[in-house]
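Just follow the structure's listing: the first ligand is 1, and inside any ligand the first atom is 1. Atom set for the values below is all heavy atoms of this structure, side chains included, hydrogens, waters and symmetry mates excluded.
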Amino acid sequence: MEFGKEKIYTIPVNDAFQEDSECPFCAMERKLEEDAIAFTLGPSYMEDDVRAMTDEAGFCKPHMRMLLAQENKLGLALMLSTHLKKTNKDIKALQKHSPKASGLFKKNEESPLEAYLDKVGNSCFICRRIEGFLEKFFDTVFYMWKSDPVFRDNFKNCKGFCMEHYSRLLKTADKRLRGKELEEFCQLAGELYIRNMERVEEDVNWFINKFDYRYKDEPWKNAKDAIPRAVTKVNSILDKQ
Ligand SMILES: [Zn+2]
Ligand SMILES: [Zn+2]
């Protein structure tokens with residue numbers, strides 16, 4: 001994707017950088033996940049091309065659990081109905097050609113049936129949809145970094161990133177920036193990362209201290225929610241507070 005097309009994504013990226021969180025990319029991911037769940041069970045789901053994608057990909061366990069927790073049972077039943085229809089038809093056809101005893105495939109060779117089962121087992125419509133947008137959002141960060149001084153300030157004032165998204169930020173920077181600009185960006189992102197990671201480390205340590213009777217009457221400082229914030233930093237889990 002070339003710079004210029006990112007304009008439509010500047011609003012969600014800006015929103016995430018203005019939200020108070022331990023990682024703006026985790027905030028983007030959470031919003032994308034909520035939207036994808038609503039989309040899957042919403043009216044657009046009735047469109048044939050969307051249905052074809054969910055029929056083929058299915059859902060991972062965490063996302064199926066989230067779909068199950070929604071009120072819209074008819075939407076879920078419709079999705080399950082066509083997903084079952086498609087996979088049952090495909091598997092039935094593959095079973096006819098797959099018996100290992102037939103000698104068609106060597107003992108340790110993966111048959112097309114096994115490959116199909118693996119593929120469906122490891123794909124998720126919602127994960128794919130989130131990833132598609134997130135990739136564009138990462139590119140948008142660099143588009144805005146280059147073109148929008150207000151965003152640059154917001155970026156500098158954010159509370160750093162989780163480990164996973166720091167890594168991805170550096171990888172995207174490699175593609176989007178060069179020379180001195182790349183060097184400066186990596187230096188700044190590195191400082192932001194460490195300074196804020198150390199802040200959270202201190203908060204966790206203070207949280208532990210509060211279990212010690214000697215600190216019983218001391219204030220909590222910023223440690224009350226140290227665990228969920230540390231979990232965001234370490235594992236990119238950002239739940240709604
Ligand atoms: Zn993150
Ligand atoms: Zn998923």
Side-chain angles (χ1 to χ4, degrees), residues 9 12-42 45 50-51 53-70 75-76 79-80 83 87 117-142 145 154-173 186 188-201 203-204 225-241:
Y9 303 114
V13 171
N14 257 324
D15 286 351
F17 271 87
Q18 272 157 19
E19 190 180 316
D20 182 22
S21 78
E22 292 293 350
C23 175
F25 298 99
C26 284
M28 288 175 213
E29 222 177 331
R30 189 191 59 202
K31 179 79 173 52
L32 285 171
E33 189 174 57
E34 287 166 1
D35 291 351
I37 295 281
F39 175 84
T40 304
L41 297 178
Y45 177 69
V50 179
R51 190 70 74 93
M53 282 191 277
T54 57
D55 285 351
E56 184 243 318
F59 299 92
C60 68
K61 281 187 197 183
H63 286 139
M64 186 56 97
R65 284 205 176 95
M66 288 176 84
L67 290 170
L68 255 177
Q70 304 297 307
L76 187 55
M79 185 274 292
L80 287 168
H83 179 54
T87 50
L117 291 168
D118 275 353
K119 200 182 109 210
V120 178
N122 290 310
S123 64
C124 169
F125 172 73
I126 291 178
C127 285
R128 265 191 216 170
R129 192 173 164 84
I130 294 170
E131 178 45 37
F133 281 112
L134 203 60
E135 195 185 349
K136 293 181 175 101
F137 287 3
F138 266 90
D139 281 336
T140 303
V141 164
F142 289 94
W145 175 260
N154 286 342
F155 186 95
K156 287 175 185 167
N157 292 321
C158 83
K159 290 180 163 176
F161 325 99
C162 70
M163 238 181 255
E164 181 190 321
H165 292 138
Y166 174 49
S167 160
R168 190 164 177 173
L169 193 59
L170 294 180
K171 283 181 190 136
T172 316
C186 291
L188 173 81
E191 281 166 15
L192 266 174
Y193 176 84
I194 284 297
R195 176 160 33 94
N196 287 286
M197 274 291 189
E198 287 179 346
R199 169 179 53 79
V200 172
E201 185 188 343
D203 290 344
V204 171
D225 60 348
I227 291 180
R229 287 189 292 103
V231 166
T232 302
K233 288 292 199 204
V234 174
N235 277 90
S236 321
I237 295 170
L238 178 60
D239 289 331
K240 266 220 154 91
Q241 299 293 314

**Study point:** Shortest-distance N, O or S atom of His165 relative to the Zn ion (ligand 1)
**Key:** ND1

**Study point:** Neighbour count above 12 (heavy atom, 6.0 Å) for Lys171 NZ
**Key:** no

Point to revise | Vertex the Zn ion (ligand 2), rays to SG in Cys60 and ND1 in His63 - rounded to 10° | key: 100°

Review point. Is there a donor-acceptor pair under 3.5 Å between the side chain of Ser167 and the backbone N or O of Met163?
Key: no

Review point. Charged N to carboxylate O below 4.0 Å: is that the case for Asp55 and Arg51?
Key: no

Exercise for review: Taking atom NZ of Lys159 as the centre, report whether more than 12 heavy atoms of other residues, nucleotides or ligands fall under 6.0 Å from it.
Suggested key: yes

Review point. How wide is the angle at the Zn ion (ligand 1) between SG in Cys23 and SG in Cys162, to the nearest 10°?
Key: 110°

